[in-house]
*Asks:* 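Next up is a structure, given as structure tokens.
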Amino acid sequence: MRNDPEQWHPAPLALALAAGLAAGTAGAATFTVVNVDDSGTGSLRAAISDANAAGGSNTITFAIPGDGPHVIALASPLPAVGGTLTVDGYSQPGSVPNTRSPDQGGLDAQLMIELVGSGSHGFTIQGGQVSLTLQGLAMHGFSDAIIGNNGGPNASHLTLYGNYIGTQVDGSALPSVGNTGSAVRCGFSSAQVGGTQPWQRNLLSGNGGAGVLANGPVVVEGNLIGTDASGTLAIPNGMANNWGGIIVGSRTGVRIGGTDAAARNVISGNRPIGIGLWASFGPGGSVGSFEIKGNYIGTDWSGRQPLPNGFPQLGAAQAGGGIQVQGGDGSALPIGGFGEGEANLIAFNTGAGIIAGTNVSTAAFDSRANLVHHNRGAGRANIDIGPPGPTPNDSGDADTGSNGVQNAPEIIAASQSGNQLTVTYRVDSDVANATYPLRVDFHADVAGGAGAWLTQDSYPEASAQQQRTVTLLVPAGMRAIPFVATATDAGGRTSELSTAFDVIFEDGFE
């Protein structure tokens, strides 16, 4: 079963369950863990087996005597879960759910149930009609800590609320990798990872694989991925296999972050990337409902201090960065948005902020209003398509590769009067080499990268390769010069950033 976040009250629920509330209706039962034994009566292992045997929708609670945290050391994999099951670590007396929102910083949860594996997997789903909810648990010492159904698209579902996976129970780093695999490997199971309520936020850090690896529909919101519980120090995911924070193979039913600040993920400190959109890991078909909005990628929780994703070695930096797109069917993945709260902050990464696979024509993305600056890709690229590093415009835009290697706008002149920006520019894209009209976005310049989104223009086919002079409205009180610009064709393929207009020399890395 899934709890309604508006109705769930951790302390009263924990008290009721610890008192032995059980079996309210037919087909629903509560099984209580009363010791830290690996097996036998009262153990977690026995509770899962009993819930499987009972069928229906069941809950596992904890009432282990004594002061916590209570460590349950598991010598072998837990039984696979069948049916509908909630494992509620917050039911253990002494547990305190997190109270902090993303705008208030890191996490202040106090978890009392710590599951320590011996190198095998942790929770797994068995069968296609399974719903597993895990909340209030700390987990480390496993391969993949949580595994969905890998047998193809099915009706199974995973929900993770308020867990620390890959770190110590207090959210600090372990002496070595927390789990050798991923924190949650959804397979093709749909998944809800985190939520907009403070108690639902997870910490997914220190895993050898990804924080989240998904091949099916997934919502990831409100989490810290690659940091410690304070949101200020890096505990990288991807140290064993270079996967990073979030790896998604699906092209539909995906939402990472959201327009509400409470949905913001902090995806930082990972090696080598924050988010990998890798079609080779999943269906990789046409893009359906797909959103990456409102996240901080490469910063601490405040958005002001660097906490980069990427390889620390400068020679390897071009292989990592903020968001990486690989493969697909050529359909452009939307990243960000023009509405309030939709833009992502992608900054300070030890690699490009957004990068598409080198010369892979099927890799495509549409960057919408994102703040992409202070990233250190090859040649200090912030948005990188084609060969690593800034790619010069070519005559007529005939070159091919990721995002069509769309040419960037050339800025000829600009002036500002009040909230009006008058700009003369051209985009050297022949109509045979780009799908018109082009969307041209203007951003405030930040160290040669994209700061706040200012305004946009539609560059029609009739103006193709010609100078165009327009007067555009910018937000009141906003200084619109200097600025940078991108061009995005009608298929959603975005160019690299233009050279900053009205800047003679600029270096933001002193």
Side-chain angles (χ1 to χ4, degrees), residues 36 67-74 89-90 92 94-102 104-119 122 134-146 160-184 193-194 198-212 222-240 243-246 264-271 274 296 298-302 304-310 312 348:
V36 297
D67 296 333
H70 299 281
V71 178
I72 300 176
L74 299 167
Y90 283 133
Q92 174 64 38
S95 297
V96 179
N98 172 64
T99 63
R100 294 177 182 167
S101 70
Q104 294 172 317
L107 307 174
D108 61 3
Q110 297 179 39
L111 304 184
M112 291 291 123
I113 299 298
E114 183 177 7
L115 307 183
V116 180
S118 56
L134 302 174
Q135 54 196 43
L137 302 173
M139 296 183 65
H140 60 87
F142 299 92
S143 51
D144 294 315
I146 301 160
L160 275 68
Y161 289 149
N163 304 287
Y164 287 8
I165 304 178
T167 70
Q168 307 232 40
V169 71
D170 64 358
S172 61
L174 288 154
S176 60
V177 65
N179 296 296
T180 58
S182 297
V184 53
V193 182
W199 70 271
Q200 296 172 324
R201 301 175 66 202
N202 298 290
L203 175 66
L204 309 176
S205 302
N207 299 282
V212 178
N223 306 286
L224 298 178
I225 302 176
T227 80
D228 70 341
S230 75
T232 62
L233 300 174
I235 307 180
N237 294 298
M239 293 293 286
W243 283 356
I246 302 173
R264 178 194 309 136
N265 298 290
V266 177
I267 309 167
S268 301
N270 299 286
R271 179 178 290 187
Y296 287 177
T299 77
D300 71 346
W301 72 267
S302 71
R304 295 187 290 271
Q305 298 299 319
L307 201 62
N309 299 291
F348 305 114

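Please read these numbers as outputs of a predicted model, since none were measured by experiment.
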*Asks:* Please give me the minimum heavy-atom distance between S230 and W301, naming the atom from each residue.
*Replies:*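 Nearest heavy atoms, S230 then W301: O-CD1, 3.4 Å.
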
*Asks:* Assess the residue pair S172 and D228 against the criterion (side chain to side chain contact (heavy atoms under 4.5 Å, CB included)); give the C-alpha distance rounded to whole Å, side-chain angles, the decisive distance to 0.1 Å, and a yes or no.
*Replies:* CA-CA 5 Å; S172 61; D228 70 341; 5.6 Å; no

*Asks:* Return the minimal non-hydrogen interatomic distance between G298 and S268, and the atom names on each side.
*Replies:*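 Smallest interatomic distance, heavy atoms only, reads N-OG, 3.0 Å.
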
*Asks:* CG of L134 to CG of L115: how many Å apart, nearest 0.5 Å?
*Replies:* 9.0 Å

*Asks:* Given 3.5 Å as the limit, does a donor-acceptor pair link the side chain of N163 with the main chain of A138, or not?
*Replies:*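 Not a single qualifying donor-acceptor pair exists.
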
*Asks:* Between S182 and V212, is there a donor-acceptor pair closer than 3.5 Å when you use the side chain of the first and the backbone of the second?
*Replies:* no

*Asks:* Quick one: pull up OG in S101 and CZ in R264 and give me the separation to the nearest 0.5 Å.
*Replies:* 8.0 Å

*Asks:* Measuring from Q92:CD to L137:CG, what's the distance to the nearest 0.5 Å?
*Replies:*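 Q92 atom CD to L137 atom CG measures 11.0 Å (nearest 0.5 Å).
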
*Asks:* Looking at CD of Q200 and CG of N223, how far apart are the two atoms once the value is rounded to the nearest 0.5 Å?
*Replies:* 10.0 Å

*Asks:* Between N179 and M139, what is the shortest heavy-atom contact and its length?
*Replies:* ND2-O, 3.5 Å

*Asks:* So P97 and Q135, do their side chains get closer than 4.5 Å, heavy atoms only?
*Replies:* no

*Asks:* Keeping N270 on the side-chain end and P236 on the backbone end, is there a donor-acceptor pair under 3.5 Å?
*Replies:*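 Not at all, since once roles are kept as given, no pair shorter than 3.5 Å links the two residues.
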
*Asks:* Distance check, rounded to the nearest 0.5 Å: D144 atom CG versus T180 atom OG1?
*Replies:* 7.0 Å

*Asks:* Could you give me the CA-CA distance, side-chain angles and deciding distance for L111 and Y90, then say whether side chain to side chain contact (heavy atoms under 4.5 Å, CB included) is met?
*Replies:* CA-CA 7 Å; L111 304 184; Y90 283 133; 3.7 Å; yes

*Asks:* Are the aromatic rings of Y161 and W199 close, with centres under 6.0 Å apart?
*Replies:*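 Yes, ring centres under 6.0 Å apart.
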
*Asks:* Please test N237 against R271 for side chain to side chain contact (heavy atoms under 4.5 Å, CB included), starting from the C-alpha separation and ending with a verdict.
*Replies:* CA-CA 6 Å; N237 294 298; R271 179 178 290 187; over 6 Å; no

*Asks:* Does any part of the side chain of V184, heavy atoms only, come nearer than 4.5 Å to the side chain of I165, both counted from C-beta?
*Replies:*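 No, every pair of side-chain atoms sits at 4.5 Å or beyond.
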
*Asks:* Backbone N or O of G231 within a donor-acceptor pair of the D300 side chain at under 3.5 Å?
*Replies:* no

*Asks:* Donor-acceptor pair, distance only, cut-off 3.5 Å: does the side chain of N98 make one with the backbone of R100?
*Replies:*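 Such a contact is found between N98 side chain and R100 backbone.
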
*Asks:* If you measure from CD1 on I267 to CG on N309, what distance do you get to the nearest 0.5 Å?
*Replies:* 8.0 Å

*Asks:* Ignoring hydrogens, what is the shortest heavy-atom contact between T227 and S205? Give both atom names and the distance.
*Replies:* O-OG, 2.6 Å

*Asks:* Write down the atom of G89, the atom of I113, and the distance for their closest heavy-atom approach.
*Replies:*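 It is O-CG1, 4.0 Å.
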
*Asks:* Answer yes or no: is there a donor N or O on one side and an acceptor on the other, between the side chain of Q168 and the main chain of A173, under 3.5 Å?
*Replies:*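 It does hold such a pair.
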
*Asks:* Could you check if a side-chain atom of Y296 sits within less than 4.5 angstrom of a side-chain atom of L307, using non-hydrogen atoms only?
*Replies:*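 With C-beta onward as the side chain, the pair stays apart.
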
*Asks:* Looking only at heavy atoms, what is the nearest atom pair of Y164 and L107, with distance?
*Replies:*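 The pair with the smallest heavy-atom distance is OH-CB, 3.4 Å.
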
